[in-house]
Amino acid sequence: MPKIIAGNWKMDKRKKEAFLLMEQVHGHLARKTHQNTVIIFPPYIYLNSFNVFLKDQNSAIYTGAQNCSSFAEGAYTGEISAGMIKDIQCEYVLVGHSERRQFFHERDEELAQKITQAIENELIPIYCIGETLQERENKTYKTVLENQLINTLQNVKGSLTNLILAYEPVWAIGTGLNASKEQIAEVHAMIKQICSDKLHLKNIPVLYGGSSKPDNAHELLSTQGVDGLLIGGASLTSESFNRIIDIAETITA
Ligand code: PGA
């Protein structure tokens with residue numbers, strides 16, 4: 001099964017650096033054929049010109065937005081709709097990243113509306129879930145993750161067949177401390193089970209995210225149930241992101 005290697009740039013990179021990084025990843029992919037799917041999530045403001053360049057170059061890179069509005073259109077100052085993201089030729093959108101939940105107070109009901117908007121506009125949503133350190137330590141993490149899945153996904157209108165999930169333990173994001181192989185395998189198996197038993201969703205890819213880097217990419221990508229990586233910090237230099245892309249190829253090949 002091909003893997004998905006996704007780079008979430010968050011609110012990093014000014015214009016010049018952003019273009020350089022995108023071109024370096026594109027150049028790397030253009031040098032040989034790859035079996036895996038590579039997606040970058042730069043800040044909104046770069047997406048249009050990135051896509052003009054990437055489509056013109058027939059690039060293997062896909063792009064996505066880090067967020068979208070839960071509304072279709074209207075008087076929502078500062079928001080960007082899923083339709084607008086589709087219009088500039090993006091393929092993906094992240095929904096429910098823990099930083100959106102934490103700093104912008106996004107809740108399950110709103111996230112369901114965002115996924116509905118994504119689906120209506122033919123974008124592929126990558127829905128992120130993850131427990132905090134406290135929830136991991138007090139052993140409520142399974143319930144927390146199940147609630148994040150069910151409460152959001154059961155309220156989505158439209159077909160979820162193209163959905164992608166990302167398991168990102170909050171305590172592993174940007175901390176340098178990735179979850180162990182055993183912890184990841186346990187949660188990914190549970191997520192797939194819930195998808196199939198309670199949501200009637202089969203073959204949903206589940207990505208892992210949280211301190212992925214070239215040094216642990218092989219182990220993470222070869223862990224049972226891991227269909228790819230959602231990478232923050234290590235997607236911000238072409239050296240580390242391109243190395244992870246290459247490592248993923250050795251596993252898929
Ligand atoms: P990280 O971030 O790789 O820097 O831990 C992952 C994410 O937030 O998606």
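In each ligand, atom 1 is the first atom listed, and ligand 1 is the first ligand listed. One is the number of the first residue; the rest follow in order along the sequence.
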(message) Tell me whether Lys213 reaches ligand 1 (any heavy atom closer than 4.0 angstrom to a ligand atom).
(response)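 Heavy atoms of Lys213 never come under 4.0 Å of ligand 1.
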(message) When you measure from the heavy atoms of Gly210 to every atom of ligand 1, does any distance fall below 4.0 Å?
(response)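 Yes, that is the case, since the closest heavy atom of the residue is under 4.0 Å from the ligand.
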(request) Kindly say whether the aromatic ring centers of His28 and Phe241 come within a distance under 6.0 Å. (result)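 Centroid distance His28-Phe241: not below 6.0 Å, so no.
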(request) Among all protein heavy atoms, pick out the one at the shortest distance from atom 9 (O) of ligand 1; state its residue, atom name and that distance to 0.1 Å. (result)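 The closest heavy atom on the protein side is Glu168 OE2, 2.6 Å.
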(request) Tell me which protein heavy atom sits closest to atom 3 (O) of ligand 1, plus the residue, atom name and distance to 0.1 Å. (result)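 Protein heavy atom with the smallest distance to atom 3 (O) of ligand 1: Gly232 N, 2.8 Å.
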Under a 3.5 Å threshold, yes or no: a donor from one side chain and an acceptor from the other, between [X] and [Y]?
{"X": "Thr237", "Y": "Ser240", "result": "yes"}
{"X": "Ser69", "Y": "Tyr76", "result": "no"}
{"X": "Glu168", "Y": "His97", "result": "yes"}
{"X": "Gln183", "Y": "Tyr141", "result": "no"}

(message) Taking 4.0 angstrom as the limit and counting only heavy atoms of Lys10, give me the atoms of ligand 1 inside it, by number and element.
(response)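 Numbered from 1, ligand 1 contributes 2 (O), 7 (C), 8 (O).
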(message) At less than 4.0 angstrom from any non-hydrogen atom of His97, what atoms of ligand 1 do you find?
(response)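 Selected atoms, number and element: 7 (C), 8 (O), 9 (O).
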Close N or O approach ([X], ligand 1; < 3.5 Å):
{"X": "Thr175", "answer": "no"}
{"X": "Gly174", "answer": "yes"}
{"X": "Gly233", "answer": "yes"}

(request) Just say parallel, tilted or perpendicular for the rings of Trp9 and Phe50, cut-offs at 30° and 60°. (result)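 Judged by the thresholds at 30° and 60°, the geometry between Trp9 and Phe50 is perpendicular.
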(message) Below a 4.0 angstrom heavy-atom separation, can you tell me which part of Asn8, side chain or backbone, both or neither, approaches ligand 1?
(response)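 Near ligand 1, Asn8 shows its side chain, while the N, CA, C and O stay back.
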(message) With a heavy-atom distance limit of 4.0 Å, tell me whether Ala172 approaches ligand 1 through its side chain, its backbone, both, or neither.
(response)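 The answer is the backbone.
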(request) Using a strict cut-off of less than 4.0 Å between a Lys/Arg side-chain nitrogen and an Asp/Glu carboxylate oxygen, indicate whether Lys198 and Glu146 qualify as a salt bridge. (result)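 Looking at Glu146 together with Lys198, the answer is yes, because their closest N to O distance falls below 4.0 Å.
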(request) Could you tell me whether Glu131 and Arg101 make a salt bridge, using a distance below 4.0 angstrom between a side-chain N and a carboxylate O? (result)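 Answer for the salt bridge query: no.
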